[in-house]
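Residue numbers begin at 1 in each chain, while the letters A, B, ... track the order of the sequences.
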There are 2 protein chains.
Amino acid sequence: MKKSSDDRQVIAPFHSHAHDHGQCVVDAIAAAETCCAKDGLSFTPLRRQVLELIWSSHGPIGAYDLLEKLRASRRNAAPPTVYRALDFLMENGLIHRIESLNAYVGCGDPERHHGAQFLICRDCQCVAELDDDEIGKAVTRRAKALGFSIHQQTVEVVGQCADCAARL
Amino acid sequence: MKKSSDDRQVIAPFHSHAHDHGQCVVDAIAAAETCCAKDGLSFTPLRRQVLELIWSSHGPIGAYDLLEKLRASRRNAAPPTVYRALDFLMENGLIHRIESLNAYVGCGDPERHHGAQFLICRDCQCVAELDDDEIGKAVTRRAKALGFSIHQQTVEVVGQCADCAARL
DNA sequence: GGATATATGATATAATATAACACTATGAAA
DNA sequence: TTTCATAGTGTTATATTATATCATATATCC
């Protein structure tokens, strides 16, 4: 896919439900393998499976929905099973938590530590992950002016994506 | 308080625990009265009391903490009692919900419809509410480039405030 | 006053997340 | 090789946050 200046900082753009999502999942797992290997983290079968399920869901997914899917192959999975995997994946930048949805999405660029902004479509529930320098810098500048040192930024924008605007 | 260029867009700055917070509460309630009167909303005793409790808490407060305080004067208050009041206050811009804390704070500028960014200190739990044009515009610009129409922006930045940096 | 909408009371339950303790496997230290 | 330490998972229980539902009261409008 050719990049235009407008999507240069778009990590995970909005994409149609028609694209080859299976490939997205495969690529994401491969990237996670690489990350974990590099950092000496143990990417266990459980963690891998949870990450696959998150990517497979094609959008933010809640912990309990995840649990239900997980139970297809692990009959006795319990909430901690899922939450521990989620904690691991978040700590290591493989997924993000969308606070306003109590849900989780795969990170489109796990190998790079980055700020993130999410555009969340309230109609189709799809999420675009951005890493917009301008936004990040504006936040940093203002925080600095107030003597505030940033630990973590969460930018969540709820609205309607282009596809839904056209479709509805 | 004299305004410098740096706090021009700061709606509710970080403030020491020593300031006259009673006055903040009184002012906030007065502003809410004005807003509601202007918009023909019924600012009932319950809603007023919940707003007072939120402002009195001097920082983000959770629904169940609020419920407990509310029970001092309303023995049989239940979760819906609080959540309904919170819904009213949010819908009408009198408070904001901090997603990453599951908590609520009074809005420092209820009479004006505005975007909001929050700097949340993880040490003292204080919150600064900003309405930084640059941040808002950067978000808007990028959303526009993707054909995304914004409904609501939540910017939450977790870190350490200047006071805590000096104190710890 | 009666109809309608709005607000609150009251009970139950849903949805999200964590605590605590037990068990296993792996690998390092002695 | 035994012992110890650690990381990962299993299992049960419970905490925390939020909503559904139906009943009752209060205000408003005609």
Asks: For a quick check, with a 4.0 angstrom heavy-atom cut-off, what is the B/S/- contact string for nucleotides 17-30 of chain D, read 5' to 3'?
Replies: BBBBB---------
Asks: Taking 4.0 Å as the cut-off, does a side-chain nitrogen or oxygen of B/Arg74 come that near to OP1 or OP2 on C/dT8?
Replies: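 No.
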Asks: Nearest-Å distance, CD (A/Glu68) to P (C/dA15)?
Replies: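 Atom CD in A/Glu68 sits about 11 Å away from atom P in C/dA15.
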Asks: Regarding B/Arg141 and A/Asp132, does a basic nitrogen lie under 4.0 Å from an acidic carboxylate oxygen?
Replies: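 A/Asp132 and B/Arg141: not salt-bridged.
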Asks: Relative to each other, are the rings of A/His96 and A/Phe118 parallel, tilted or perpendicular (30° and 60° limits)?
Replies: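 If you compare the ring of A/His96 with that of A/Phe118, the planes turn out perpendicular.
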Asks: Is the number of heavy atoms from other residues, nucleotides or ligands under 6.0 Å of A/Glu33 CD greater than 12?
Replies: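 Counting neighbours around CD of A/Glu33, more than 12 heavy atoms of other residues, nucleotides or ligands fall under 6.0 Å, so yes.
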Asks: Are any of the side-chain nitrogens in A/Arg167 or A/Asp163 under 4.0 Å away from the carboxylate oxygens of its partner?
Replies: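 A/Asp163 and A/Arg167: not salt-bridged.
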Asks: Identify, residue by residue, the members of residues 33-50 of chain B with a heavy atom below 4.0 Å from DNA chain C, and return them in order of residue number, or none.
Replies: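 B/Ser42, B/Thr44, B/Leu46, B/Arg47 - these, ordered by number, are the residues of the stretch whose heavy atoms sit under 4.0 Å from the strand.
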Asks: Could you walk me through whether B/Arg71 and B/Asn76 satisfy the side-chain hydrogen bond (donor to acceptor under 3.5 Å, both in side chains) test, starting with their C-alpha distance in whole Å, then the side-chain angles of each, then the deciding distance to 0.1 Å, before giving a yes or no?
Replies: CA-CA 7 Å; B/Arg71 279 183 166 146; B/Asn76 43 13; over 6 Å; no
Asks: Without decimals, in angstroms, what is the distance between A/Glu99 CD and C/dT16 C1'?
Replies: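 Between C1' of C/dT16 and CD of A/Glu99: 12 Å.
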Asks: Which whole-number value in Å describes the distance from B/Leu70 CG to C/dT8 C1'?
Replies: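 Rounded to the whole Å, the gap is 12 Å.
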Asks: Round to the nearest Å and state the distance from B/Leu89 atom CG to C/dT8 atom P.
Replies: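 So the CG-P distance, B/Leu89 to C/dT8, works out to 10 Å.
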Asks: If I take atom CG in residue A/Leu66 and atom P in nucleotide C/dA15, what distance separates them, rounded to the nearest angstrom?
Replies: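 Between P of C/dA15 and CG of A/Leu66: 16 Å.
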Asks: Determine whether more than 12 heavy atoms belonging to other residues, nucleotides or ligands lie under 6.0 Å from atom CZ of A/Arg75.
Replies: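 Count not over threshold, so no.
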Asks: In this structure, how many angstroms lie between the C1' atom of D/dT16 and the CG atom of B/Leu86, rounded?
Replies: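 For the pair B/Leu86 CG and D/dT16 C1', the rounded distance is 15 Å.
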Asks: Is the shortest side-chain heavy-atom distance between A/Pro110 and A/Thr34 below 4.5 Å?
Replies: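 No. Closest side-chain heavy atoms not under 4.5 Å.
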Asks: Tell me if the CD atom of B/Glu111 is crowded by more than 12 foreign heavy atoms within 6.0 Å.
Replies: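 Counting neighbours around CD of B/Glu111, more than 12 heavy atoms of other residues, nucleotides or ligands fall under 6.0 Å, so yes.
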